[in-house]
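A quick write-up on the structure given underneath.
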Amino acid sequence: MAPKIYTSPFPTQTLSDTSVFSHLFSSKDATDVGGFPASTPAFIDAATGTTITRTQLKKFAFSLGNGLKTRLSLRRGDTILIYSPNSLTWPVVLFGAGAAGLRSTLANSAYNARELAFQYQDSGAKVIFASEDNVPVVRQTLKDLGLNKAEADKRIVVMTNSLYWAGGPSIIIKPELAGLLTVADLLQFGSLKDEEKFEGKLANETVYLCYSSGTTGKPKGVETTHKNITSVLEIVKVGFPALKQGEDSMLGILPFYHIYGAVKLLHFPFFSGIPVVVMARFDPVKFCANVERYKITCSLIVPPVLVVLSRHQAVDQYDLATLRILFSGAAPLGAALAQQVTNRLMERRKGRNPVKILQGYGLTETSPTTHLIPVEAAERKVGSIGLLLPNLEARLVVDGEGDGNIDAAEGQPGEIWIRGPTIMKGYLNNPTATKDAITPDGWFKTGDIAIRDSEGYYKIVDRRKELIKYKGFQVPPAELESVLLTHPDVADTAVIGVDSVKEATELPRAYVVHANPEKVKTEDQKIAFANSVKKWIEGKVARHKFLRGGVVVIEVIPKSAAGKILRRELRDRAKQELAG
Ligand code: 4UU
């Protein structure tokens with residue numbers, strides 16, 4: 001039977017074959033950058049008000065690009081690693097690397113030395129760009145990898161503080177970091193030459209390497225190409241609410257190292273001529289204060305932020321009337337929660353300036369957005385991930401194993417498969433995982449189960465992959481399991497996600513088998529062991545991977561005949577345990 005292929009209701013877009021850099025920064029003349037006035041702000045540091053204009057960003061990027069080539073001898077195709085919380089220096093580094101034809105791999109800024117070492121080695125990065133606070137972890141990482149201090153320090157570039165961009169000092173604040181190269185130092189080597197600026201034929205080359213565990217296993221480098229990014233910008237523009245240069249501004253709280261923040265805060269607003277007010281992390285009071293101070297009209301969020309906005313007193317203490325769009329993604333958005341926040345914000349405005357809570361869906365592997373809700377459907381379709389974006393095709397597949405794929409009947413659930421120009425090139429150095437994820441005719445298997453209604457709106461109803469999402473962050477169970485297995489008393493383990501309605505997120509929960517069952521005979525012994533494991537993991541992994549969903553001592557991990565963990569069984573068990 002021929003597959004049932006769904007197309008997008010939006011008109012097909014003309015896509016380009018330029019590099020990301022020229023797509024964003026090409027100018028007609030000195031008065032514009034990327035089609036918008038050169039002197040308008042591109043990024044604003046929320047804490048200090050420091051602003052980088054569009055033309056400054058372009059100039060800094062060209063200078064940094066040249067510094068990377070001349071001072072660090074990096075060449076087209078080489079990779080740099082960025083390891084920092086959000087800051088104004090982020091776009092300078094990312095676009096500077098892009099201008100020089102380099103790739104960037106983006107690391108979670110909360111990673112510990114073990115986690116960072118994995119990504120540094122796996123990506124083949126040559127240099128690590130780190131915020132001042134993160135340099136000690138980088139030094140530890142490089143030391144663990146066997147480098148002496150002098151060698152290690154040659155691979156570190158300190159991400160100059162945000163005040164530098166307002167003419168402040170470029171000097172390093174922490175004395176122990178003196179002598180390290182900084183981003184400011186790298187700007188001193190002149191600008192890229194004209195012929196180098198917009199290097200051609202980059203379209204199908206990799207530009208970003210974010211890490212995702214996909215449907216199974218440990219994190220893998222996702223090869224996102226220039227074409228993936230330029231395409232996603234064009235197709236999102238069609239479905240995303242009209243943002244107007246000169247009127248709109250975005251508050252940037254999502255981390256830039258995750259594909260959601262990387263594309264929808266660092267690229268999309270710039271591409272639309274909209275400034276982004278950059279926050280290093282989400283904080284309820286600062287969030288509200290910044291909406292008032294910068295007259296923010298739009299912010300991109302994850303569902304747990306709505307939980308905070310539904311309760312926190314700061315919502316009543318600041319004027320949030322300019323805010324007209326909250327766009328949620330990266331995890332399921334509950335209709336009731338969205339309604340609650342809309343009502344609360346609307347009450348204060350006495351019905352004026354409606355606020356819309358929208359939802360989008362995507363994955364690291366799809367660069368990321370594939371679906372979003374248009375503004376006019378915000379209330380009517382609350383809880384839905386919206387419509388398929390143009391230039392993409394979708395299938396809902398019932399049996400994804402082998403050749404026996406069947407497409408779900410209308411209105412029935414199936415695994416979303418996506419085909420189109422925004423699908424990653426593949427997983428870095430991992431042809432097996434790539435082959436498992438993308439069929440020979442180009443369908444990428446998301447691992448998410450959805451239903452499509454008669455109007456073409458999709459709703460996520462389940463996830464068939466093992467991935468856990470904590471507040472939008474990926475927590476790969478396989479990674480936690482491999483760490484847990486290094487615990488001397490853990491003989492076997494399985495990690496699953498359990499839902500927390502209160503926090504609008506999943507929480508990682510571990511089942512562990514004691515190496516010596518005699519030691520966990522009584523209930524008290526079990527609880528003591530579980531608690532010690534829960535504490536122990538906190539010294540081993542970044543915060544978002546902590547076992548907040550609990551640790552349970554179990555006699556044996558349920559497995560299939562082939563030795564595969566029966567996660568569904570554990571999820572059912574957890575439901576009972578948590579209900580009881
Ligand atoms: C239910 O989380 C992301 C990307 C999120 C994103 C980006 C741009 C959302 C909207 C947007 O415009 O990427 P990853 O790779 O970290 O995680 C992907 C997984 C999906 O497979 C799905 O299980 O995150 C889950 N997910 C969602 N689940 C993402 N968005 C949603 C959603 N509802 N809206």
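Note that the coordinates shown come from a computational prediction; the quantities given were computed from them, not determined experimentally. All ligand and atom numbering here is 1-based and tracks the order in the structure.
Nearest to atom 3 (C) of ligand 1 by heavy atom, out of Lys469, Gln474, Arg463, is Lys469.
Note on ligand 1: Asp448 sits in its first shell, one or more heavy atoms being nearer than 4.0 Å. Within the 4.0 Å heavy-atom cutoff, His258 counts among the residues contacting ligand 1. Ligand 1 is approached by Phe327 to a heavy-atom distance shorter than 4.0 Å. Judged by the shortest distance from any of its heavy atoms, Ala331 lies inside the 4.0 Å radius around the atoms of ligand 1.
Between Phe271 and His23, the ring-plane angle classifies as parallel under the 30° and 60° cut-offs. Between Phe43 and Phe270, the angle of the ring planes stays under 30°, which puts this pair in the parallel group of the 30/60° scheme. Relative orientation of the Phe473 and Tyr257 rings is parallel, given thresholds of 30° and 60° on the angle between their planes. Between Trp417 and Trp443, the angle of the ring planes lies from 30° to 60°, which puts this pair in the tilted group.
In terms of N/O distances under 3.5 Å, ligand 1 is not approached by Ile385. Polar contact check, Leu363 against ligand 1: no nitrogen or oxygen pair lies under 3.5 Å apart.
Looking only at side-chain heavy atoms (C-beta outward), Leu363 and Phe444 come within less than 4.5 Å of each other. Taking 4.5 Å as the limit, some side-chain heavy atom of Leu251 sits within range of a side-chain heavy atom of Met279.
Stacking of Lys545 on the aromatic ring of Tyr470 is not recorded, the 6.0 Å distance cut-off and the 45° axial limit not both being met.
Using a 4.0 Å cut-off between heavy atoms, Pro332 contacts ligand 1 through both its backbone and its side chain.
When hydrogens are left out, the protein atom nearest atom 7 (C) of ligand 1 is Pro368 CG, 3.3 Å; that is the closest non-hydrogen contact. Distance from atom 15 (O) of ligand 1 to its nearest protein heavy atom, with residue and atom name: Thr364 OG1, 2.5 Å. The nearest heavy-atom contact from the protein to atom 9 (C) of ligand 1 is Ala330 N, 3.5 Å. The nearest heavy-atom contact from the protein to atom 4 (C) of ligand 1 is Gly362 O, 3.3 Å.
Applying the side-chain hydrogen bond (donor to acceptor under 3.5 Å, both in side chains) rule to Arg54 yields no partners; only residues at least two apart in sequence or on another chain are considered. With sequence neighbours left out, Pro275 forms a side chain to side chain contact (heavy atoms under 4.5 Å, CB included) with Pro41, Ile44, Ser249.
Near Gln359, meaning under 4.0 Å from any of its heavy atoms, are these atoms of ligand 1: 32 (C), 33 (N), 34 (N). Listed by number with element, the atoms of ligand 1 under 4.0 Å from a non-hydrogen atom of Thr369 are 8 (C), 11 (C), 12 (O).
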